[in-house]
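Right, one structure below, let's go through it.
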Amino acid sequence: VWRMLVQADLGRIDPTATGLRELLSAGEPLNPEVIEHVRRAWGLTIRDGYGQTETTAQVANPPGQPLREGSMGRPLPGFDVVLIDPATGQERTDEGELCLRLDPRPLPLMTGYRDTADASSDELNADAFAGGVYHTGDVVSIDADGYLTYVGRADDVFKASDYRISPFELESVLIEHPAVAEAAVVPAPDPTRLAVPKAHVVLAAGHEPSA
């Protein structure tokens, strides 16, 4: 929704006249370019956050906490976050799958999954709670001050020439271009590099496709 809103003339709206004081974003990661666009128009900074149906909000930028554009914030009270390497299962201090320690178990965390058409609850819960942590399936990076930045779904991040590629990072760069309204990056098979990024874009209003 925010990416759609910035395609409109935000300058036509006076946030002080409407009493608008705080802006929030959730549901999917927010590109830094969108945050900057809204700040230039309204003088307000969108507070991004992260949560799941299984847990409610885990990470956020609450009032009083300095914001870092592109970061979804720091863990909220009640969540002991740990980053796990999806390949080795070892703890990481720089980048890994966002997991929650289960000792003590976070109060907002679900008790477990129910059976689905494709898998039993035992199978689903064994994967979600393996290794004494709850696995979110999302890969994040962390800086020295504990701010978390979304990298991508564990099954979305792909390798090209042995580099780990985050579709979200590339999409964020693409939408900085004034002609790009939306972008989606996917891996395309490559015989030499295993995969290469392929971008699909939606043009912003007033722009026509060209070579």
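Between Gln7 and Met4, the closest side-chain pair of non-hydrogen atoms is not below 4.5 Å. Side-chain contact between Leu10 and His37 is present, with heavy atoms from C-beta onward closer than 4.5 Å. Side-chain contact between Val140 and Tyr50 is absent, with no heavy atoms from C-beta onward closer than 4.5 Å.
Minimum heavy-atom separation, Ala181 to Ile175: O-CG2, 4.3 Å. The minimum heavy-atom distance between Ala179 and His207, with the atom names listed, is CB-ND1, 3.5 Å. Summarising the geometry of Asn61 relative to Tyr147, their closest heavy-atom pair is OD1-CE2, 4.0 Å, with the distance given to 0.1 Å. The minimum heavy-atom distance between Leu44 and Pro15, with the atom names listed, is CD1-CB, 4.1 Å. When every heavy atom of Pro197 is checked against every heavy atom of Ile165, the shortest pair comes out as CG-CG2, 4.3 Å. The two atoms that bring Pro62 and Ala60 nearest to each other are CD-O, 3.3 Å, heavy atoms only.
Take Leu194 and apply the side chain to side chain contact (heavy atoms under 4.5 Å, CB included) test, not counting sequence neighbours, and it matches Lys159. Taking the side chain to side chain contact (heavy atoms under 4.5 Å, CB included) definition, one finds that Ala199 meets it with Leu174, Val185, sequence neighbours left out. The side chain to side chain contact (heavy atoms under 4.5 Å, CB included) test applied to Thr55 returns Gln52, Gln58, Phe79, Leu100, Leu109, Tyr134, not counting sequence neighbours. Residues satisfying the side chain to side chain donor-acceptor pair (under 3.5 Å) criterion with His135, sequence neighbours excluded, are Glu97.
Interatomic distance, OG1 of Thr45 versus CG of Leu67, reported as 6.0 Å (0.5 Å rounding). Separating the CG atom in Asp94 from the CD1 atom in Ile142 is a distance of 9.5 Å, to the nearest 0.5 Å. Between atom CD1 of residue Ile35 and atom CG of residue Leu30 there is a gap of 4.5 Å, rounded to the nearest 0.5 Å. Distance check, rounded to the nearest 0.5 Å: CD1 of Ile46 to OG of Ser25 gives 6.0 Å. Atom CG of Leu98 and atom CG of Asp138 lie 7.0 Å apart (nearest 0.5 Å). Taking CE from Met110 and CG from Asn125, the interatomic distance works out to 6.0 Å, rounded to the nearest 0.5 Å.
Hydrophobic clustering (ILVMFWY, side-chain heavy atoms < 4.5 Å, transitive): Tyr163 and Leu170 are in one cluster. No path of Ile, Leu, Val, Met, Phe, Trp and Tyr side chains, each step under 4.5 Å between heavy atoms, connects Leu148 with Leu24, placing them in separate hydrophobic clusters. Following chains of ILVMFWY side-chain contacts shorter than 4.5 Å, one cannot reach Val34 starting from Leu203, and the two form parts of different hydrophobic clusters. Both Trp2 and Ile13 are members of a single hydrophobic cluster when ILVMFWY side chains are connected at heavy-atom separations under 4.5 Å. There is a path of hydrophobic side-chain contacts, each under 4.5 Å, that joins Leu83 to Met72.
A donor-acceptor pair under 3.5 Å links the side-chain atoms of Asp143 to the main chain of Asp145, judged by distance alone. Using modelled atom types, no side-chain atom of Trp42 and backbone atom of Thr16 make a donor-acceptor pair closer than 3.5 Å. Panel note: side chain Thr136, backbone Cys99; no donor-acceptor pair is recorded below 3.5 Å.
Around atom NE2 of His177, no more than 12 heavy atoms belonging to other residues, nucleotides or ligands sit under 6.0 Å away.
For the residue pair Asp48 / Tyr150, no side-chain donor-acceptor distance below 3.5 Å is found, with atom types taken as modelled. Between Asp115 and Ser120, the side chains place no donor N or O within less than 3.5 Å of an acceptor N or O (distance only, hydrogens not considered). Counted by atom type alone, Glu54 and Tyr113 present one or more donor-acceptor pairs between their side chains at under 3.5 Å.
A salt bridge does not link Asp103 with Arg101: none of the charged nitrogens is closer than 4.0 Å to a carboxylate oxygen.
For residues 174-188, the pairs satisfying salt bridge (Lys or Arg N to Asp or Glu O under 4.0 Å) are Arg3-Glu182, with sequence neighbours left out. The salt bridge (Lys or Arg N to Asp or Glu O under 4.0 Å) contacts involving residues 192-211 comprise Asp190-Arg193, where partners must be two or more places apart or lie in separate chains.
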Walk me through it: do Ile84 and Glu91 pass the test side chain to side chain contact (heavy atoms under 4.5 Å, CB included)?
CA-CA 5 Å; Ile84 301 293; Glu91 289 190 23; 3.8 Å; yes
